[in-house]
Student: 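My questions will all concern the structure given below.
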There are 2 protein chains.
Amino acid sequence: MTGVSQTTVSIVLNERDDAAVRIAPETRERVLAAIRRTGYVADPIARRLAEQRNRFLGVFTYEPVFPAGLGDFYHPFLVGIEECAESIGCDLLLFTSAPVVDGRRRIFHSGNRLRLADGCILLGRWLDPEELARLLAEGQPFVSVGRRDDAGGPVPYVGADYPAATAAQVRRAVELGHTRIAYVGEGSGAESHTDRLRGFTEAVDRAGITGVHIRFGEPVDVMDSLLDQGVTAIFMEEFADGAILAAEAQRRLLGVPQDLSFVALGDPTRPAGTDLEFTGFRIPRREMGWQAVEVLSAIIDGTGGTMQRLLPCQPVAGTTLAVARA
Amino acid sequence: MTGVSQTTVSIVLNERDDAAVRIAPETRERVLAAIRRTGYVADPIARRLAEQRNRFLGVFTYEPVFPAGLGDFYHPFLVGIEECAESIGCDLLLFTSAPVVDGRRRIFHSGNRLRLADGCILLGRWLDPEELARLLAEGQPFVSVGRRDDAGGPVPYVGADYPAATAAQVRRAVELGHTRIAYVGEGSGAESHTDRLRGFTEAVDRAGITGVHIRFGEPVDVMDSLLDQGVTAIFMEEFADGAILAAEAQRRLLGVPQDLSFVALGDPTRPAGTDLEFTGFRIPRREMGWQAVEVLSAIIDGTGGTMQRLLPCQPVAGTTLAVARA
DNA sequence: CCACTTTGTTAATGCGTATTACCAACGTGA
DNA sequence: TCACGTTGGTAATACGCATTAACAAAGTGG
């Protein structure tokens, strides 16, 4: 239409004004006129092909991203992720097509689409160390939401500082006169569990009080065991289990917190029915999501910075932790 | 790695088994092994450029996909969308990078990335008719979640049958002896509003009773007006407004539903604090999301079928609709 | 033993853009 | 006049894949 080359159009479109490539104002105007007349828009696909990146950030979860029946544990993370992605002009690619094997999705599988994105955010309480190791080995840009142990190298993550948050709750209990307290939960497996238990154990040792660790199971049995051991405050790894155990306490006519204190070490990861306002702390999920995108972005761009961040949890006063019963 | 050409890899990758192009099973296996070992994935951008398809479904919302402070109105849609996308092996691309102009995102803008996806799902109570018209004109595959008026042509959608659901509630009220009922809300603007009002008006006319329509505003004024007109049942366009108005009724010591009945025409689109279990209906959001993907998929594949679907809403008995006060 | 088919693989090409190297034409100073 | 910038622009190429025509090797029938 204008008799100029494709190159010239490209230069005009991208408003380049290097010294290296110059276009006469008059020519530029001619091209712009033609663009206006035809409503021409550069094909974004071809553009991406040429530029070698697509400004997609992948989001991978072992469970569905939008869990159907559940109390939206992931949601706040996604809010933060979306906000930050928007601020840096990236789109989010949800890997919904990952096939399910043995009840959960796999990162690596035949037809793995991970590299569709410039980088990837991993969500989930537990991540397969082998898959993490492989991601590291292959140099795939990624970041985990939640602290991860090394997997053949340091894993980039943005996590919650469970040890500090848990320890703070223990100190609070000690101030209120508790001398025999319990940690109820796995305490192993996922890093979020080991971190809580570690914070608990260290704080208990430092305070010189007695801490017991038992796994959750039949509420009746668990409560029997706890009462046998003279425990006055119960630290729950899982909020929902805490609700169950507190109900069991009330069934026995034990007052919460007059007779027995409860501390919930984080937000519910599954729906929990309870009237109690649990004492404990809040995981900064939205902020974690936001910062995860920041870290990932830094990795992709090759700009350095801390690739492992622990964010403080916000204490929640609640009503389930009181002075220890004499 | 395997000593074969790029062509061979492409053929194996796409599982082509034309008579025209054959690969020996042994060679195929060698290539597959290498693919598994390296986790290689074809670049979707290049793929798209060459074959014009990438198995991405775009999701566009005028508001953030993951609204921060709000009662998750979009969430159930997304659950359905994700489930169906997973079932047909597509990934979801969230257009979080769409720039905000005049307080909302725009579909079309310079650097518009819509064409990155094979097709696009549009979410939101209101969609700009001009943008819809342009999508139609350009032949962009898309589907709207929620019914839309024609915009220079029929718009593909999967919506909720508000007229039928609203009319059913009106009939229910008539059965209970109500003869003067009100529709409170905009009744215009978004299709979801006009549809509700239309269902209301038609049902009222057919039943031969009196229906009044007033906009929501200061609760005190609205309630004054409604009581002046002798209204005994109030149909609320917005759930949250209904909660506010019901609170105003109770403030005046009017019993709900003994003295005044309320019907909520759908689920809350914003957080609503209330103890009442509102009578009304439930929008089949998850199913709408699912079917939207089905429709979009059919459009992309060129297989025909109904491009406009209205799904029935599920009635909710609730406790706020009772026999009209004498 | 030759023409002819079948099998397995690849070189070449196109998709629409960004980028780079290079090239005319046109001064400019000595 | 000659060597040397400067200006304005373009041809060529890369990007990573899908597709197609072509081709070598092996088999087959007469």
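Below, chains carry the letters A, B, ... as their sequence lines are ordered, and counting in each starts from 1. Bear in mind that the values here come from a model prediction, so they are computed numbers and not experimental data.
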Student: Is there a side-chain contact between A/Leu94 and B/Leu94, using heavy atoms and a 4.5 Å cut-off?
Tutor: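 The answer is yes; the side chains approach within 4.5 Å.
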Student: Hey, does A/Arg22 reach any base, or is it just sugar-phosphate, or nothing, if we go heavy atoms under 4.0 Å?
Tutor: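 The answer is base, as A/Arg22 lies within the cut-off (heavy atoms under 4.0 Å) of a base atom.
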Student: Looking only at side-chain atoms of B/Val4, point me to the closest of D/dT10, C/dA18, C/dT10.
Tutor: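 Closest nucleotide to the B/Val4 side chain: C/dT10.
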Student: Does a distance-only test, which skips hydrogens and angles, find a donor-acceptor pair under 3.5 Å between the side chain of B/Gln52 and the base of D/dA18?
Tutor: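 Result: no qualifying N/O pair found.
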Student: Any side-chain heavy-atom pair from A/Gln308 and A/Pro156 closer than 4.5 angstrom?
Tutor: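 No - every pair of side-chain heavy atoms lies 4.5 Å or more apart.
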Student: Look at B/Ser10 and D/dA18 and indicate whether a side-chain polar atom (N or O) is within less than 4.0 Å of OP1 or OP2.
Tutor: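 Yes, B/Ser10 has a side-chain N/O under 4.0 Å of OP1/OP2 on D/dA18.
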Student: Between B/Asp18 and B/Ala46, who's closer to the 5' end of DNA chain D by nearest nucleotide?
Tutor: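 Upstream on the strand: B/Ala46.
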Student: Considering only heavy atoms from C-beta outward, does the side chain of B/Leu123 approach that of B/Leu78 to under 4.5 Å?
Tutor: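 B/Leu123 vs B/Leu78: side chains touch.
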Student: What is the distance, rounded to the nearest whole Å, between atom CD of B/Glu26 and atom P of C/dG8?
Tutor: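 Atom CD in B/Glu26 sits about 10 Å away from atom P in C/dG8.
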Student: Taking CZ from B/Arg48 and C1' from D/dC17, how many angstroms apart are they, rounded to a whole number?
Tutor: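 Interatomic distance, CZ of B/Arg48 to C1' of D/dC17: 14 Å.
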Student: What is the distance, to the nearest angstrom, from the CG atom on B/Leu49 to the P atom on C/dT13?
Tutor: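 After rounding, the gap between these two atoms is 18 Å.
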Student: Any side-chain N or O of A/Ser5 below 4.0 angstrom from OP1/OP2 of D/dG9?
Tutor: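 False: A/Ser5 side-chain N/O out of range (4.0 Å or more) of D/dG9 OP1/OP2.
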Student: Using 30° and 60° as the class limits, which term best fits the ring planes of B/Phe56 and A/Phe56: parallel, tilted or perpendicular?
Tutor: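 Perpendicular: the ring planes of B/Phe56 and A/Phe56 meet at over 60°.
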Student: In whole angstrom, what separates B/Arg47's CZ from C/dG14's P?
Tutor: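 Going from CZ in B/Arg47 over to P in C/dG14 covers 22 Å.
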Student: Look at the side chain of A/Val21 and decide which nucleotide, out of C/dC15, C/dT20, C/dT9, has an atom nearest to it.
Tutor: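 In terms of side-chain proximity for A/Val21, the closest of C/dC15, C/dT20, C/dT9 is C/dT20.
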Student: Take atom CG of A/Asn14 and atom C1' of C/dG16, then tell me their distance rounded to the nearest Å.
Tutor: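 The answer, rounded to whole Å, is 13 Å.
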Student: Side chain of A/Thr8: nearest nucleotide among C/dG14, D/dT10, C/dT10?
Tutor: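 From the listed options, D/dT10 comes nearest.
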Student: Any donor-acceptor pair under 3.5 Å linking the side-chain atoms of A/Thr7 with those of A/Ser10?
Tutor: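 No, A/Thr7 and A/Ser10 have no side-chain donor paired with an acceptor closer than 3.5 Å.
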Student: Between atom CG in A/Asn54 and atom P in C/dA18, what is the gap in whole Å?
Tutor: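 Atom-to-atom, A/Asn54 to C/dA18, this comes out as 16 Å.
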Student: Rounded to whole Å, please give me the gap between CD1 in A/Ile11 and P in C/dT20.
Tutor: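 Interatomic distance, CD1 of A/Ile11 to P of C/dT20: 11 Å.
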Student: Write down the distance between CD1 (A/Ile35) and P (C/dG16), rounded to a whole number of angstrom.
Tutor: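 So the two atoms are 17 Å apart, to the nearest Å.
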Student: Among the nucleotides C/dA18, C/dC15, D/dG9, which one has an atom lying closest to any side-chain atom of B/Ala50?
Tutor: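 Shortest atom-to-atom distance from the side chain points to C/dC15.
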Student: Select base, sugar-phosphate, or nothing to describe what B/Arg16 touches, counting heavy atoms under 4.0 Å on all strands.
Tutor: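 It contacts base atoms.
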Student: Is the closest side-chain heavy-atom distance between A/Arg53 and A/Asp301 below 4.5 Å?
Tutor: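 Yes, side chains in contact.
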Student: Answer with yes or no whether B/Gln6 presents, from its side chain, a donor or acceptor under 3.5 Å of a partner atom in the base of D/dA18.
Tutor: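 In this structure, the two groups form a donor-acceptor pair.
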Student: Using only modelled atom types and a 3.5 angstrom limit, is any donor from either the side chain of B/Thr7 or the base of D/dT20 paired with an acceptor on the other?
Tutor: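 Side chain to base: no pair below 3.5 Å.
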Student: Does a side-chain N or O from A/Tyr40 land closer than 4.0 Å to OP1 or OP2 of C/dG16, or not?
Tutor: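 For C/dG16, neither OP1 nor OP2 has a side-chain N or O of A/Tyr40 closer than 4.0 Å.
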